[in-house]
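Just so it is clear, the values below take in all heavy atoms, side chains as well, and ignore hydrogens, waters and symmetry mates.
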Amino acid sequence: MAIFTDMVEDNIEVSMDDFSMVGISFDDCLNNFDRVLGRCEEINLVLNWEKCHFIVEEDIVLGHKISKHGIDIDKAKIQEEQMGILEACHSSRYYGHHGGVRTTTKVMSCVFYWPTLYKDASDLVKHSDEFQRFGGISKKNEMPLTTVLKIDIFDV
């Protein structure tokens, strides 16, 4: 980003370690491309030519197919990412495994949301072996409460 700060949003789109030239016309794109390559030469930035794609009708960017028809989202990749977020919010290194509502709350506090979030969190908790083993104690397994005799030091 720091290399192309004056070109971002006008001539170039930057995403992590990838960038794409954009323009109103083909000639505009070529001019932008010339400026970007010139900048790369100025700062001795080496490009991996095996990963470079020039003048393509469609391409895959961050796992999604982009073409003149728009973005074709890979639903399997999205579901995989959602499950990763859920699992990260469900289990915690310092405090066991959370229930469905707590997991959903943690996901939303991280500013993530999708329409099936509540159902997905509930399903994850139901199928989590650790949570099922260490969940709450049922009424039949509770020990009866007994009163504790409180004695002050000088009551003898």
task = Report yes or no: do V101 and Y113 belong to one cluster of Ile/Leu/Val/Met/Phe/Trp/Tyr joined by side chain heavy-atom distances under 4.5 Å?
result = no

task = Would you please name every residue forming a salt bridge (charged side-chain N to carboxylate O under 4.0 Å, His left out) with E42, sequence neighbours left out?
result = R39

Which residues share a ring-ring contact (aromatic ring centres under 6.0 Å, His included) with Y118, sequence neighbours left out = none

query = When clusters are formed by joining ILVMFWY residues with side-chain heavy atoms under 4.5 Å apart, either directly or through shared neighbours, do L124 and M108 land in the same one?
reply = yes

remark   = In short, V125 meets G100 closest at the heavy-atom pair CG2-N, 3.4 Å

task = Kindly indicate, with the supporting measurements, whether the criterion side chain to side chain contact (heavy atoms under 4.5 Å, CB included) is fulfilled by L117 and Q82.
result = CA-CA 9 Å; L117 173 61; Q82 289 173 344; over 6 Å; no

note = Here the gap from L37 atom CG to N32 atom CG, rounded to the nearest 0.5 Å, amounts to 11.0 Å

inquiry  = Grouping I, L, V, M, F, W and Y whenever their side-chain heavy atoms are under 4.5 Å apart, do I78 and L86 come out in a common cluster?
reply    = no

message = So does D28 get a backbone contact from the side chain of S25, meaning a donor-acceptor N/O pair under 3.5 Å?
response = yes

ask   = Under 3.5 Å, side chain of S109 to main-chain N/O of K106, donor-acceptor pair present?
value = yes

task = Would you check if D120 and T104 make a side-chain contact, meaning some heavy-atom pair closer than 4.5 Å?
result = no

ask   = Who pairs with D72 by salt bridge (charged side-chain N to carboxylate O under 4.0 Å, His left out), at least two apart in sequence or on another chain?
value = none

